[in-house]
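Step one of this worksheet: look at the structure below.
We name chains A, B, ... by the order of the sequence lines, and we start the count at 1 in each one. Note that these values count all heavy atoms, side chains included, but never hydrogens, waters or copies made by symmetry.
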Amino acid sequence: MLTYSRLRGLAVSSDDGQPRGRVLDLIVAPDGEDMVVRALLVVPHRFALLAGRFKPRPKTTTIPASHIAAIDENGIRLRGNDG
Amino acid sequence: MDDDGGRRGLSMGQIIDHAILDRDGHRAGRVDDLQFELEPGRSEGDPPRLVLRAIVSGPVPRPMPSLLGGIARACYRLIGVQDPRPAVVDWSHVKAIDAFVHLDVERVAAGLRRVDEAVLRYVGKLPGAGRE
């Protein structure tokens with residue numbers, strides 16, 4: 001099982017290893033019987049992650065969850081490099 | 001990249017720390033963490049799905065450094081919580097979300113009152129605790 005506290009702050013990178021930022025938040029929506037993550041809200045660096053705790057609407061990039069290729073302890077890898 | 005379409009939905013950051021109400025409307029703690037399951041795509045070539053599975057609430061809900069975690073668990077044991085682990089409530093029990101997270105289960109049955117009950121037992125032993 002993955003937990004929100006673990007996912008938040010994970011590094012996001014494209015398929016070629018290019019860093020895309022860090023996960024600030026997750027957006028979920030119903031998909032049939034389940035609630036499924038639809039998007040990742042990503043901030044460009046760790047400090048923005050910290051600022052996100054205090055700013056009500058931090059500047060984020062929205063990445064659709066359909067672009068996720070894999071999740072492991074090193075972070076979230078996206079499909080291709082246009083994630 | 002999707003600029004705003006993906007934002008339609010429920011922000012998990014807004015659920016964390018929300019107060020929980022059980023089926024009888026009694027307070028049952030706060031949402032301390034959420035559990036997700038990574039499922040493979042439904043068919044070949046489909047992306048994996050991150051499915052929200054459960055609410056986590058209660059003592060030591062998140063991994064802590066061993067020393068801090070040990071101290072926290074020792075404190076819980078001191079007040080009588082012998083097995084200081086958080087309650088995990090399946091997401092299927094969440095009936096509504098507004099200012100609170102509403103569950104369809106009773107708080108004791110869901111294990112959401114263990115710390116409160118331990119504190120009440122401890123306070124009840126103090127001299128004068130039964131007096132009006």
Any chain of hydrophobic side-chain contacts (each under 4.5 Å) joining B:V105 to B:V101? yes
Does CZ in B:R85 sit with more than 12 non-hydrogen atoms of other residues, nucleotides or ligands closer than 6.0 Å? no
Between CG of B:L50 and CG of A:L7, what distance do you get to the nearest 0.5 Å? 6.0 Å
Treat each ILVMFWY residue as a node, draw an edge where side-chain heavy atoms are under 4.5 Å apart, and state whether A:L10 and A:L78 are in one component. yes
Using 0.5 Å steps for rounding, measure from the OG atom of A:S66 to the CZ atom of B:R49. 12.5 Å
Separation between OG1 of A:T3 and CZ of B:R53, rounded to the nearest 0.5 Å: 15.5 Å
Under the 3.5 angstrom rule, does the side chain of B:D33 hit a backbone N or O of A:S5 as a donor-acceptor pair? yes
What pair of heavy atoms forms the shortest contact from B:P48 to A:A69, and how long is it? CG-O, 3.9 Å
Which bit of B:D46 comes within less than 4.5 Å of chain A, counting heavy atoms only: side chain, backbone, both or neither? backbone
Hey, could you give me the CD1/CE distance between B:I15 and A:M35, rounded to the nearest 0.5 Å? 7.5 Å
Atom CD of B:E106: over 12 foreign heavy atoms under 6.0 Å: yes
Same cluster for B:F36 and B:I97 if Ile/Leu/Val/Met/Phe/Trp/Tyr side chains link at under 4.5 Å? yes
For the student: nearest non-hydrogen atoms of B:M12 and A:Y4, plus distance: CB-CE1, 3.5 Å
Hey, is CZ on B:R77 packed in by over 12 heavy atoms from elsewhere, all under 6.0 Å? yes
Value rounded to 0.5 Å, distance of CD in B:Q35 from CG in A:L2: 9.5 Å
Tell me whether A:V42 shares a hydrophobic cluster with B:L38, the cluster being built from Ile, Leu, Val, Met, Phe, Trp, Tyr side chains joined at under 4.5 Å. yes
Separation between CG (A:L26) and CG (B:L10), nearest 0.5 Å, reads 10.5 Å
Name the option with the most non-hydrogen atom pairs under 4.5 Å to chain B; the candidates are A:I68, A:D31, A:L40. A:D31
Do you reckon B:I20 sits in the same ILVMFWY cluster as B:F100, going by side-chain contacts under 4.5 Å, direct or chained? no
